[in-house]
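The structure appears below as structure tokens.
Note that these values count all heavy atoms, side chains included, but never hydrogens, waters or copies made by symmetry. Lettering follows sequence order; numbering is per chain, from 1.
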Amino acid sequence: MSTALPHYAFTRGAIAVIPLSLACAPWGLLAGSMAIDAQFTPLQAQGLSAIVFAGAAQLVAIGMVKSGASLISIVLTTLLLTSQHLLYGMHMRPTLSSLNTRWRMSLGFLLTDEFFALVNHYDRQTFNRWYALGVGLTFYLIWNLFTLAGIVLGKSIPGLDQLGLEFSIAATFIALITPVVRDVPTVVCVAVALLCSVWLSYLHWESAVVVSGVLGMSAGFACKRLGVGQR
Amino acid sequence: MIYLMIVAMGLVVFFNRYLFIEPRLPVRLNYFPGGPSAQPEPDQPLPAGRYLRRGVDVLDTQRIDHRVIEHGAVLSAALVALIPGQKKARGVAGRRETSKK
């Protein structure tokens with residue numbers, strides 16, 4: 001494990017995550033304003049970001065509350081929507097599982113897409129828990145600050161959810177995915193998922209995203225097994 | 001209702017995030033990207049031989065039934081661990097398989 005000074009490593013992590021945090025700003029604003037629009041109280045809206053801390057799941061849940069969905073269906077949807085965290089946890093198990101319970105639970109709670117993008121490439125020797133805490137905690141604080149801003153603005157600016165802020169979700173994920181698309185199987189995976197999601201959405205399939213993801217992963221896996229693009 | 005939903009969602013998301021970093025979960029995953037083959041660790045049992053030779057994901061079979069690995073289902077390992085009464089059965093099955101080798 002890296003032994004860099006805690007405050008130095010923490011600051012380095014905090015600085016590293018700031019660009020990604022700013023990219024999520026419109027998303028945080030939307031989470032706050034949409035919650036207010038769905039008749040949540042400010043405390044409930046802030047609590048959603050503080051306790052759940054998962055942008056996509058929050059926005060979908062707010063939409064489901066507005067449409068009168070049951071608690072069970074909201075929880076099950078959340079379980080599926082955030083299931084990529086299972087893979088993140090699996091990937092980071094060698095570095096995180098050796099920490100003590102307090103650190104493990106703290107970093108587990110902070111394990112978001114952005115956290116994973118910045119911390120996943122460290123191995124047991126180079127991993128620094130203070131750096132990871134700097135990344136996760138800074139992102140958590142910024143996310144909650146933007147949610148608070150969304151709550152305030154949602155009360156004063158009507159129709160904030162009509163401004164197209166949700167495109168920041170797509171922009172953020174494009175920024176996260178692009179650096180890891182380095183080999184042919186990954187390119188095939190991304191391309192198949194992209195084309196299928198557009199095509200199936202055009203056909204009005206309700207499960208377009210899930211099916212496209214599975215097809216993309218299958219295509220990438222098949223390429224890897226067939227040795228396509230390997231030297 | 002809303003508060004209950006927030007707490008339930010929080011628990012579900014935390015479950016997804018935390019499950020595989022819990023060290024007591026009887027799964028160990030090693031990934032060797034691009035490596036020629038995976039090398040067993042000193043305490044690594046060998047029932048996962050097929051997977052060791054392939055150099056892909058290696059699961060610790062010490063505490064789980066090797067049939068889970070034969071099916072290649074990483075997530076199934078987590079489910080097996082959650083089924084009540086599996087702990088004792090896994091230990092017995094694991095020893096039997098090891099002794100056969």
Side-chain angles (χ1 to χ4, degrees), chain A residues 35 38-41 43-54 57-58 60-62 64-65 69-72 74-99 101 104-105 107-112 115-116 183 224-225 230-231, chain B residues 1-41 43-44 50-51 53-60 62-64 68-69 71-82:
Chain A
Q39 309 302 320
F40 283 44
T41 66
L43 185 63
Q44 289 168 339
Q46 191 66 59
L48 198 61
S49 278
I51 294 172
V52 179
F53 187 36
Q58 285 178 228
V60 171
I62 291 167
M64 291 178 78
V65 168
S70 68
L71 177 64
I72 295 292
I74 292 173
V75 170
L76 282 177
T77 304
T78 304
L79 184 72
L80 289 175
L81 271 179
T82 58
S83 58
Q84 86 271 23
H85 293 112
L86 286 169
L87 300 178
Y88 295 164
M90 207 184 292
H91 186 94
M92 301 206 62
R93 184 174 171 84
T95 47
L96 295 185
S97 65
S98 57
L99 300 173
T101 307
R104 212 169 51 239
M105 295 191 86
L107 295 181
F109 175 74
L110 298 170
L111 180 54
T112 55
F115 179 98
F116 180 75
D183 52 14
K224 197 145 196 169
R225 291 299 296 267
Q230 290 183 350
R231 292 167 198 164
Chain B
M1 164 66 183
I2 297 293
Y3 286 112
L4 183 62
M5 182 200 80
I6 292 170
V7 172
M9 283 178 68
L11 288 173
V12 162
V13 175
F14 184 72
F15 172 82
N16 276 345
R17 286 174 174 157
Y18 187 76
L19 178 66
F20 278 108
I21 58 175
E22 167 56 51
R24 279 167 293 188
L25 186 77
V27 175
R28 188 171 62 200
L29 187 76
N30 295 323
Y31 182 57
F32 299 83
S37 65
Q39 298 299 318
E41 294 177 18
D43 61 340
Q44 180 87 35
R50 185 157 74 92
Y51 284 83
R53 284 193 296 277
R54 277 192 194 170
V56 289
D57 300 337
V58 180
L59 287 165
D60 183 1
Q62 199 161 18
R63 286 174 287 176
I64 57 173
V68 173
I69 297 166
H71 294 148
V74 175
L75 288 177
S76 298
L79 294 174
V80 168
L82 294 173

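- Among A/L107, A/V65, A/L110, A/L79, the residue making the largest number of heavy-atom pairs under 4.5 Å with chain B is A/L79.
- The shortest heavy-atom contact between A/A54 and A/T82 is CB-CG2, 4.1 Å.
- Remark: A/F116 engages A/Y88, A/H91 in a ring pair (Phe, Tyr, Trp, His ring centres under 6.0 Å) (not counting sequence neighbours).
- Proximity to chain B is limited to the side chain of A/F40, based on heavy atoms less than 4.5 angstrom apart.
- Interface summary for chain A: among B/L11, B/V13, B/L4, the most heavy-atom pairs under 4.5 angstrom belong to B/V13.
- In this structure, no portion of A/T77 lies under 4.5 Å from any heavy atom of chain B.
- Proximity of A/F115 to B/R17: side-chain heavy atoms (C-beta onward) are nowhere separated by under 4.5 Å.
- Annotation: side-chain hydrogen bond (donor to acceptor under 3.5 Å, both in side chains) contacts of A/S49 (sequence neighbours excluded): A/Q58, A/W143, A/T147.
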